[in-house]
There are 2 protein chains.
Amino acid sequence: MKKGEKRKQDLLKIAYDMFLSHGYENTSVDEIIEKAQIAKGTYYHYFKSKEQMLEEVIEMMIEREAEAAKQIIEMDIPVPQKIAGILSSVKPAEAEMPIEDALFHPENALMHNKVRKKLIDVLTPLLSEVVREGTEKGIFECDNIPERVRMLLVISNGTFNEGTFSERDITVFIDTAEKILGAEKGTMSFIYGLIDKSDMETDE
Amino acid sequence: MKKGEKRKQDLLKIAYDMFLSHGYENTSVDEIIEKAQIAKGTYYHYFKSKEQMLEEVIEMMIEREAEAAKQIIEMDIPVPQKIAGILSSVKPAEAEMPIEDALFHPENALMHNKVRKKLIDVLTPLLSEVVREGTEKGIFECDNIPERVRMLLVISNGTFNEGTFSERDITVFIDTAEKILGAEKGTMSFIYGLIDKSDMETDE
DNA sequence: TAAAACCGACCGATAGTCGGTTTGGAGGCA
DNA sequence: TGCCTCCAAACCGACTATCGGTCGGTTTTA
């Protein structure tokens, strides 16, 4: 890696950490260059704007998530499990990350949304391939697979990523997923056990 | 209405127009007070910050949408039509508004998302009541109505409000809606005719 | 020796502050 | 009723701090 390339990666890493811990809006370019020990001019030698830097940071995040998804696909596990695994990428499950937590603070809605939107775009084709595999094995029966998959991702995202959710939400989600993909009732019910109950409502 | 209250409403109206036409981020407080012919201090007498003003503007928008939804519910039309009508509130249909158009410009992602998130919260109970009515009439058959309704709103929002969508998306949405609510196949297919094709992909 | 990397003073715009002035209406009083 | 007092709400605009971004120039590197 060339000298400049290394520096750029360092800057991205620093920004990545700061954006997540304090939010994009609350992180100033001055703070970034101060932590990186470089001058303003150097920063703008590598990035044409703060927002363009955000795009690259998001790119980094997406690539990681996509890589994780691809690994799940390669695994020798039942198709429904693969789907559940990838679905967990959109929603922060029991994964190792304090990363995602910060993403939910109201402060950085901008980054939050850019990430999720792109993530859905990236995951749709990957997950579609898995579903197609499932139809061949007779587990699912449906047409328009990419559209259905995207819909699942949108639901998962919109249901489990916005604040809290209830046990019923999980039940309904499983039911809906089965119906969208044309699966036997109960095929996906194991998902219930995978959901991270920590941010679930306890009452009602 | 007291003097001050009137002024505040005027300011909100001005901000509402400007936020929609130029975006929240691209509208400065200076521009607002210039158009309103008041001083900086006066502005901050009514709003503690620009963002807090945005909250109030959004509140205004939500109330209007909710009011429109309530009117649809009161109407003497078949239950599925009511649902389609309210669903159209989340998604800009052939309605009279140049309003919504501006909401989609990438510039004001912030406002866009705040509005949609809140709108879903407000519409969920209203639409749930309609669906309950539908179950009584035997049109739908499902449990956990609020959760299912919210899911429908999330899908509608995530599918038809993010950039472009295809004819297949509509087909799949209708199919999914019927399955989520436990309706006969074809019950909701008239939705197809309601979708504003103007922002639909033409190719593929 | 040229390009890439780097520097930091400077700039314009912007959200928000602050100390002070004006206004209008409620209450006291003749 | 008419007038005065007084206080809070309404209003003012100069000022500040911060921030993203620019620019002309210097140093490093291959």
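Reminder, nothing fancy here: chain letters follow the sequence lines and each chain counts from 1.
- No donor-acceptor distance shorter than 3.5 angstrom exists from the side chain of Y46(A) to the backbone of Q9(A), with no hydrogens or angles considered.
- Counting only heavy atoms from C-beta outward, the side chains of L181(A) and L152(A) approach each other to under 4.5 Å.
- Taking atom CZ of F47(A) as the reference point, atom P of dC19(D) lies 19 Å away to the nearest angstrom.
- Between the side chain of E178(B) and the backbone N or O of T187(B) there is at least one donor-acceptor pair closer than 3.5 Å.
- For D121(A), the side-chain hydrogen bond (donor to acceptor under 3.5 Å, both in side chains) criterion is met by R150(A), not counting sequence neighbours.
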Item to complete: Using a 4.0 Å cut-off on protein heavy atoms (strictly under), produce a 5'-to-3' string for nucleotides 6-16 of chain C with B for base contact, S for backbone-only sugar-phosphate contact, and - for none.
Response: BBBB----SBB
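- Between D10(A) atom CG and dA5(C) atom C1' the separation is 14 Å, expressed in whole Å.
- The side-chain hydrogen bond (donor to acceptor under 3.5 Å, both in side chains) search around K50(A) returns none, not counting sequence neighbours.
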